[in-house]
Structure formats: structure tokens, C-alpha cells
Amino acid sequence: MILHAGLLARRLDRAWAGVLVEGASGAGKSDLALRALDEGFRLVADDRVVVWACEGRLWGRAPDVLQDLMEVRGLGVVRTPALRFCEIRLVARAGASERMPEPSAARHLGVRLPLIMIQPLEASAPAKMRRVLEHLGQGQEGAYQAGFAAPCSPHRVGIPR
């Protein structure tokens, strides 16, 4: 399945933890990605994400034609080294957020993931994503996150190249 979204990853506990960034065109997903890259995230996919489920986990990668490419408003398409794929552990959806939100979840291909609402153009958005990733499995989020297992290769589960 291909989603209109971005995918960023951050290295945590010897593994890449991905954030699927969802939102309408022009919401600021690529702007958020650009700032997140400056804060230690890595690009996996910009604008389109191929997703698949394997062993109860969700994985994502860029479509081949978009691998290592990122659209930066005002600059055009720029080459940006990207990870080939990663496990998606969090969904960040563009939209207004509450001051003290209740934990919520998103579901893709039958896999339930923690969901946060985020304002992509807000300066603190990359820091918020990092902090949520770092705290998955602690406190109330513990019900959402299981331990990390070996990655499912996109080719092992028959995802076309």
C-alpha cells in the first residue's frame, strides 16, 4: 500500500524508529522533515511511503523512483541520502493538538500505532516527535509498544521493488 505521507527515522536502542508524518498537501510535512533532519532524524521517504505489515509490525520505505529525493518548497527536488526502510513506531498527524491529549492510536494494515497530533510548522515539532519516540513503552504508552524484533526485509515479504 502507498500512503501520501512522509517517513522519518531516529536511531533508538540500536534500531531505527520511524515516524509516519501524515497531512494534507501543503500542511508542512516536508518543512517538518527538513527541520527534523537538522535535529538528528534521517529521511526514509518524502511525499509517498510504501507500507507493509510483517509479524505485527508496520514497515515503510520510499517508492523506488523517489528514493533519496525530497521536495523542498522554494528549492525544488533535492537529493537527500535516505534509509532504505525502517519500522514505523509512531504516527504524527498534522492538525491542532490539545494541551493534555488522551493517548490515541492510528491503524494501518491492521497494525495499531500510537498517534500524536502535531503542527508541522511549529518550531518544536521535531523535538516533540523525538521525545515521544524516546518515551514509547513508558507510562501510558506502554500498552502500545512491544519490544523490538529483527526487521522484516521488504523483499522477504514480497514487496515489489
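With values rounded to the nearest 0.5 angstrom, L43 atom CG is found 6.0 Å from M70 atom CE. For the atom pair L20 CG and I88 CD1, the distance stands at 5.0 Å (nearest 0.5 Å).
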(request) For L113 and L58, run side chain to side chain contact (heavy atoms under 4.5 Å, CB included): C-alpha distance rounded to whole Å, both residues' side-chain angles, the deciding distance at 0.1 Å, then the answer. (result) CA-CA 9 Å; L113 298 165; L58 193 67; 3.6 Å; yes
(request) For L7 and V21, run side chain to side chain contact (heavy atoms under 4.5 Å, CB included): C-alpha distance rounded to whole Å, both residues' side-chain angles, the deciding distance at 0.1 Å, then the answer. (result) CA-CA 6 Å; L7 182 55; V21 181; over 6 Å; no
(request) Kindly determine whether L37 and T80 satisfy side chain to side chain contact (heavy atoms under 4.5 Å, CB included), including the steps that lead there. (result) CA-CA 10 Å; L37 294 177; T80 304; 3.9 Å; yes
(request) Could you check V19 against R89 for side chain to side chain contact (heavy atoms under 4.5 Å, CB included), going step by step and ending with a plain yes or no? (result) CA-CA 6 Å; V19 179; R89 295 194 194 176; over 6 Å; no
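Every residue two or more places apart in sequence or in another chain was checked for a salt bridge (charged side-chain N to carboxylate O under 4.0 Å, His left out) with R42, and none qualifies. Checked against side chain to side chain donor-acceptor pair (under 3.5 Å), R10 has no partners two or more places apart in sequence or in another chain. Applying the side chain to side chain donor-acceptor pair (under 3.5 Å) rule to R107 yields no partners; only residues at least two apart in sequence or on another chain are considered. Scanning for salt bridge (charged side-chain N to carboxylate O under 4.0 Å, His left out) contacts around R93 gives E22, with sequence neighbours left out.
Classification of the W52-W59 ring pair by plane angle, with boundaries at 30° and 60°, yields parallel.
The hydrophobic cluster around L66 extends to V65, counting ILVMFWY residues whose side-chain heavy atoms fall within less than 4.5 Å of a member.
Side chains of D47 and H4 form a contact here, defined as non-hydrogen atoms less than 4.5 Å apart. V111 has its side chain out of reach of H108: every pair of non-hydrogen atoms, C-beta onward, lies at least 4.5 Å apart.
D68 places no side-chain N or O within donor-acceptor distance of the main-chain N or O of R79, the cut-off being under 3.5 Å. Remark: side-chain polar atoms of K29 are paired, donor with acceptor, to backbone N or O of G23 under 3.5 angstrom. Although no hydrogens or angles enter the test, the distance criterion places no donor-acceptor pair under 3.5 Å between the side chain of D46 and the main chain of G6.
L3 and L115 fall within a single hydrophobic cluster, where Ile, Leu, Val, Met, Phe, Trp and Tyr side chains are chained together by heavy-atom contacts under 4.5 Å. No chain of hydrophobic side-chain contacts below 4.5 Å, direct or via other Ile, Leu, Val, Met, Phe, Trp or Tyr residues, connects V77 to L34.
Between F41 and L8, the shortest heavy-atom distance links the atoms CD2-CB, 4.0 Å. The minimum heavy-atom distance between R61 and V44, with the atom names listed, is CA-CG1, 4.0 Å. Listed here is the closest heavy atom pair of G18 and C86: CA-SG, 3.7 Å. The shortest heavy-atom contact between Q67 and A62 is OE1-CB, 3.8 Å. Residues P114 and L136 approach most closely at CG-CD2, 3.5 Å, considering heavy atoms.
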Taking distance alone, no hydrogens or angles, what donor-acceptor pairs closer than 3.5 Å link side-chain atoms of residues 116-128 to residues at least two apart or in another chain?
residue	atom	partner	partner atom	Å
E122	OE1	K128	NZ	2.7

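Under the 4.0 Å criterion applied to side-chain N and carboxylate O atoms, E134 and R130 are assigned as salt-bridge partners.
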